[in-house]
There are 2 protein chains.
Amino acid sequence: MTAADSAAQRELIDALVTTSFVTMAVLNRVSAEYDLSLTQFRVLAILRDRRVKMSELADYLGLDKSTISGLVDRAEKRGLLQRAPNTADGRAVDVFLSPAGTELADRGAALVARSLSPMTSVLTGTEARRLTTLLEHILPAAPSLRAS
Amino acid sequence: MTAADSAAQRELIDALVTTSFVTMAVLNRVSAEYDLSLTQFRVLAILRDRRVKMSELADYLGLDKSTISGLVDRAEKRGLLQRAPNTADGRAVDVFLSPAGTELADRGAALVARSLSPMTSVLTGTEARRLTTLLEHILPAAPSLRAS
DNA sequence: TATTGTTATACTCTATAACTATA
DNA sequence: TATAGTTATAGAGTATAACAATA
């Protein structure tokens, strides 16, 4: 790799970190709009199209199972999701969205799209596709997606 | 905008969000490596090349001043940074890194680069530059960078 | 024995409100 | 009056350790 390429790598890392902070700030703001933490918001997003066990939720989020218990407790108390015993494993507990939770998750997803669109819409269709391709190219190389 | 372009926007938003979560997961892991929260790590990064007032730190991070007081308290107790009265404004307090904080910030920045390089290095130099350019193109359109 | 989940505990992060000191 | 910072308080997020139930 040439010295110029090393510099390009460093500049890319900077741009990646900055973009991520900006994106997360937007997601945080959207979550707060619905009185949710970003983690709670992610829980709703994950459950949007699945019914999962507590342990699977812990895996998706990269958090300890005791943390999930608290997270689910609070969301359940708000009527956003429900627990039910898993029929196949007597130890396991399933979690899934309530109707209210589904509605909130849907509205949240729409607001995320609206909130980020000012950024993405400065690009032409061709540029947008090129950026998507590049991001999808580097994503599989991420070091252990466990806590994604 | 054509229907195909709308789809491209949606896919870009997905890629952006996924990339951001992956990047933040890496930054979280690096922070934890040094027994720092991501916020503490950001404080060190901000102070790496500046001496700022408490209120400026609050602006950079998009957090309340009382939150900054606690953050700085804990970091100061660990010997990573120091407070000193601002000479121009009797109400203000300056914050700056201690030698230990500077050393930790430097090592942290290096580890961030090392931890993200598996992702960035799958690209050729030309691709890396193109991705950087596209990210830098959309960044200024971010809705209110206040909490960046 | 190992796994799933909950609870108790402790600490950090965060905001709000009330306060002091300075501008 | 307004701004800078601290403190008290309260709630959420997080992990560790200890536990009960099931596999």
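Each chain gets a letter, A, B and so on, in the order the sequences are listed, and its residues count up from 1.
- With sequence neighbours excluded, the residues satisfying side chain to side chain contact (heavy atoms under 4.5 Å, CB included) with B:T19 are A:L16, A:L135, A:L139, B:T23.
- Heavy-atom distances under 4.0 Å link DNA chain C to A:R91, A:A92, A:V93 of residues 86-96 of chain A, given in residue order.
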- Task: Scan nucleotides 7-15 of chain D nucleotide by nucleotide, 5' to 3', and note B when protein non-hydrogen atoms come under 4.0 Å of the base, S if they reach only the sugar-phosphate, - if neither.
- Result: B----SSBB
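- Contact between the side-chain N/O atoms of A:R83 and the OP1/OP2 oxygens of C:dT6 is found at a separation under 4.0 Å.
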Under 3.5 Å, which donor-acceptor pairs link side chains of residues 44-54 of chain B to any protein atom two or more places apart or in another chain?
unit_1, atom_1, unit_2, atom_2, d
B:R48, NE, B:D106, OD1, 2.9
B:R48, NH2, B:D106, OD1, 3.2
B:R50, NE, B:I46, O, 3.1
B:R51, NE, B:D94, OD2, 3.0

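- Annotation: proximity of residues 44-54 of chain B to DNA chain D (heavy atom, distance under 4.0 Å) is found for B:K53, B:M54, numbered in ascending order.
- Applying the side-chain hydrogen bond (donor to acceptor under 3.5 Å, both in side chains) test to A:E136 and every residue at least two apart in sequence or in another chain returns nothing.
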Determine all donor-acceptor pairs shorter than 3.5 Å in which one atom belongs to a side chain in residues 61-70 of chain A; sequence neighbours excluded.
unit_1, atom_1, unit_2, atom_2, d
A:D64, OD2, A:S66, N, 2.8
A:D64, OD2, A:S66, OG, 2.8

Side-chain donor-acceptor pairs under 3.5 Å in residues 5-15 of chain A, sequence neighbours left out?
unit_1, atom_1, unit_2, atom_2, d
A:D5, OD1, B:R129, NH2, 3.0
A:Q9, OE1, B:T120, OG1, 3.0

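- Atom CD1 in A:I68 sits about 13 Å away from atom P in C:dT4, given to the nearest Å.
- B:D35 has its CG atom 11 Å from the P atom of C:dT12, to the nearest Å.
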- Task: Mind running side chain to side chain contact (heavy atoms under 4.5 Å, CB included) on B:V43 and B:L80 for me, showing each step along the way?
- Result: CA-CA 10 Å; B:V43 169; B:L80 299 176; over 6 Å; no
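- Residues satisfying the salt bridge (charged side-chain N to carboxylate O under 4.0 Å, His left out) test with B:R74, not counting sequence neighbours, are none.
- Residues meeting the side chain to side chain contact (heavy atoms under 4.5 Å, CB included) test with B:E33, sequence neighbours left out: B:L111.
- To the nearest 0.5 angstrom, A:M24 atom CE is 4.0 Å from B:F21 atom CZ.
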- Begin from the C-alpha positions of A:S98 and A:L81 and carry the test side chain to side chain contact (heavy atoms under 4.5 Å, CB included) through to its verdict. CA-CA 5 Å; A:S98 69; A:L81 49 79; 5.7 Å; no
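- Between B:S55 and the phosphate of D:dT3, there is no side-chain N or O to OP1/OP2 separation shorter than 4.0 Å.
- Here the closest heavy-atom approach between residue B:A84 and residue B:F96 is recorded as CB-CE2, 3.7 Å.
- Every residue two or more places apart in sequence or in another chain was checked for a salt bridge (charged side-chain N to carboxylate O under 4.0 Å, His left out) with B:E56, and none qualifies.
- To the nearest 0.5 Å, atoms OH (A:Y34) and CZ (A:R107) are separated by 5.0 Å.
- Note on the helix from C:dT1-D:dA23 to C:dA23-D:dT1: angle between the axes of the first and last five pairs equals 0°, rounded to 10 degrees.
- The interatomic distance linking B:L57 (CG) with D:dT3 (C1') rounds to 17 Å, in whole Å.
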